[in-house]
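Data block below; observations after.
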Amino acid sequence: MKKVEADVVVVGGGPAGVVAAIAAGRQGVRTVLAERYGFVGGMSTAAMVYPWMTFHADSGEQVIRGIAQEIVDRLIERGGSPGHLRDTVGFVHTVTPYHPEIYQVVAMEMLREAGVRLFLHSFVDEVDARDGTIRAVRMTTKSGRIELTGRVFVDTSGDADVAYLSGTPTLQGRDGDLQSQPMTMKFRMRGVDLKQVKAYMIAHPDNFYKKTPIAELPDLPLTGVCGFYSQWKSSGVPINRDQVLFFTGPAEDEVLVNCTRVQGLDGTNVEDLTRAEEEGRKQVLMMAEFLKRDVPGFEGASVSAVGTQIGIRETRRIVGHYSLTKEDVIAGRKFEDAIARSGYPIDIHDPSGKGVSASWIAGDGTYDIPYRCLVPQTTRNLLAAGRCISTTHEALATTRLTPSCMATGQAAGTAAALAVLEGATPGEVDVQQLREALRREKAYL
């Protein structure tokens, strides 16, 4: 078995993992990033989770910056994003469209610049952990088994795979009942007449989400649409939801459709995942047929792309030194050990019903994510970032969003590097020193 030594090992090349590895590499420690696909981006690329929501609070204040904003800036320079635009669904203040292929290249360039060693096509399936310490993770690759040894490990797998395989306690679903948010197979359609869509919205405001800024639509680029309630109600499509949802771009006649809903299956069970992929792709064809038949502007549209894999909102999460709660979020709670802020509301897609329930943030419209949510109660040299940090089922419904995942990724990567440089464990890192390091890299705390 080939052995590779590093200081910081990041497992999972989604947005959280990319940012974590860049952050660690910039601190001058030997950093490795392992990713199972042949490209980075995770749910943003493999599952077409688009656009990024949101870098801002409802007030318009930008609360997620740092490396995440650097990525957006580079995308803008490359013609891969228009930047932050008003959300015409009205659910949040802004959304950030991006071109996934350009994002993959930009992310790889930034990883290389930070000195990160990359292992793509590498599936981590074994963890050597003893006495509360991870010694190595092992991967299956095209060139055989590879063992990555490290001093600190960062789990950005989305499913808490490293934590789970190491024996670190994890939770899943509502109160441990495995009832997680549904999975969604996203797809793109080209040939959509978005001018016709916007004109219909302006003429029929009651057929759309109550917060849609109808009065402002003539002066705003259309970024997202939620509604077409009457068409959906009479559609007969056997998908357990209550509205149509899609987002525009990146091309002028293109949309990303977020309408399929696969419920009651476990994203960490291979047989359930197999069933989910099959069901999700069936639903894509049903939705596309409905949109072309019943929704104004879609008459000449066709499916142009479907996700490489189904999108997963929720699986395992670590048991950390603190678990962020719904009450923390909606109260806009602030913490002394905050390492990230977010302005995204709680957004729970019903595990068994049709709807989506939202809870809004009080005060200034932001809440803090404390460092303790990234640090497991056991396993001394492990950190988590992204979708698998320590939260309740309800609070996960906001921390799982991509900009928030990027922010916790930057914190985890920076903390991992500081632990290496200080000869400490992540739990021993001076949080104020960590916060200062994050501010130097333009994170907003």
Side-chain angles (χ1 to χ4, degrees), residues 2-42 66-68 70-71 74 104-124 127-128 133-139 141 146-158 161-163 166 339 371 374-375 379-386 388-389 405-426 429 433-434 437-438 440-443:
K2 180 180 179 180
K3 295 188 178 182
V4 176
E5 293 184 358
D7 295 317
V8 174
V9 176
V10 181
V11 177
V18 165
V19 173
I22 292 169
R26 286 182 178 179
Q27 297 293 324
V29 300
R30 297 174 302 165
T31 304
V32 168
L33 173 62
E35 164 56 38
R36 61 173 170 158
Y37 285 116
F39 52 89
V40 296
I67 295 173
E70 284 186 50
I71 292 172
R74 293 226 191 173
Q104 289 178 47
V105 172
V106 165
M108 292 288 280
E109 288 174 350
M110 293 178 70
L111 287 162
R112 294 297 188 190
E113 290 167 9
V116 177
R117 187 172 180 182
L118 287 160
F119 286 88
L120 303 181
H121 297 289
S122 301
F123 187 80
V124 171
V127 175
D128 179 2
T133 300
I134 298 175
R135 288 165 169 77
V137 297
R138 299 187 181 112
M139 312 182 297
T141 77
I146 297 177
E147 180 177 90
L148 302 177
T149 61
R151 296 169 64 183
V152 179
F153 295 81
V154 183
D155 189 339
T156 54
S157 64
D161 287 336
V162 176
S166 71
I339 46 73
Y371 179 58
L374 279 56
V375 184
T379 313
R380 288 183 291 273
N381 61 338
L382 177 65
L383 285 163
C388 53
I389 66 171
C405 288
M406 290 179 174
T408 56
Q410 182 168 353
T414 304
L418 291 178
V420 168
L421 294 171
E422 296 169 3
T425 66
V429 166
Q433 183 181 350
L434 169 59
L438 290 170
R440 285 195 296 271
E441 290 294 314
K442 301 182 180 179

Nearest 0.5 Å please: distance from the [atom1] atom of [X] over to the [atom2] atom of [Y].
X: Gln433; Y: Leu438; atom1: CD; atom2: CG; result: 11.0 Å
X: Phe123; Y: Glu35; atom1: CZ; atom2: CD; result: 10.5 Å
X: Leu382; Y: Leu374; atom1: CG; atom2: CG; result: 10.0 Å
X: Gln27; Y: Leu421; atom1: CD; atom2: CG; result: 7.0 Å
X: Thr379; Y: Phe153; atom1: OG1; atom2: CZ; result: 11.0 Å
X: Ile146; Y: Met139; atom1: CD1; atom2: CE; result: 4.5 Å

Under 3.5 Å: donor-acceptor pair, side chain of [X], backbone of [Y]:
X: Ser157; Y: Val11; answer: no
X: Thr408; Y: Gly386; answer: yes
X: Gln410; Y: Ile67; answer: yes

Who are the side-chain hydrogen bond (donor to acceptor under 3.5 Å, both in side chains) partners of [X], not counting sequence neighbours?
X: Asp161; answer: Arg316
X: Arg36; answer: Gln309
X: Arg26; answer: Glu70, Glu441
X: Thr31; answer: none

Could I get the full list of salt bridge (Lys or Arg N to Asp or Glu O under 4.0 Å) partners for [X], not counting sequence neighbours?
X: Lys442; value: none
X: Glu422; value: none
X: Glu5; value: none

Nearest non-hydrogen partners of [X] and [Y], listed with the distance:
X: Val18; Y: Ala107; result: CG1-CB, 4.0 Å
X: Ala16; Y: Cys405; result: CB-O, 3.4 Å
X: Gly12; Y: Leu33; result: O-CD1, 3.5 Å
X: Ala437; Y: Thr414; result: CB-CG2, 3.8 Å
X: Val154; Y: Ala416; result: CG2-CB, 3.9 Å
X: Ala24; Y: Val8; result: CB-CG1, 4.2 Å

**Q.** Under 3.5 Å side-chain donor-acceptor pair for Arg380 and Thr133
**A.**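 A pair is found: one side chain offers a donor N or O, the other an acceptor, under 3.5 Å apart.
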
**Q.** Audit row: Leu434, Leu418, side chain to side chain contact (heavy atoms under 4.5 Å, CB included) steps and yes/no
**A.** CA-CA 8 Å; Leu434 169 59; Leu418 291 178; 4.1 Å; yes

Between [X] and [Y], is any pair of side-chain heavy atoms under 4.5 Å apart?
X: Leu111; Y: Ile22; value: yes
X: Arg138; Y: Val124; value: no
X: Ile71; Y: Val19; value: yes
X: Asp128; Y: Ile134; value: no

Partners of [X] by side chain to side chain contact (heavy atoms under 4.5 Å, CB included), sequence neighbours excluded?
X: Cys388; result: Asp155, Ala160, Ala384
X: Ala407; result: Ile64, Ala340
X: Arg112; result: Leu118

Q.
Quick one, Arg117 with Leu148, criterion side chain to side chain contact (heavy atoms under 4.5 Å, CB included). Give me CA distance, side-chain angles, the key distance, then yes/no.
A. CA-CA 11 Å; Arg117 187 172 180 182; Leu148 302 177; over 6 Å; no

Q | ring-ring contact (aromatic ring centres under 6.0 Å, His included): pairs with one or both residues in residues 6-38, sequence neighbours excluded | A |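 Those involving residues 6-38 are Tyr37-Phe39.
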
Q: Quick one: do Asn381 and Arg151 satisfy side chain to side chain contact (heavy atoms under 4.5 Å, CB included)? Show the steps, please.
A: CA-CA 7 Å; Asn381 61 338; Arg151 296 169 64 183; over 6 Å; no

**Q.** side chain to side chain donor-acceptor pair (under 3.5 Å) pairs, two or more places apart, involving residues 6-17
**A.**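 Qualifying pairs, neighbours excluded: Asp7-Arg30.
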
Q: Verify side chain to side chain contact (heavy atoms under 4.5 Å, CB included) between Val32 and Phe119, making sure each step is shown before the conclusion.
A: CA-CA 8 Å; Val32 168; Phe119 286 88; 3.7 Å; yes

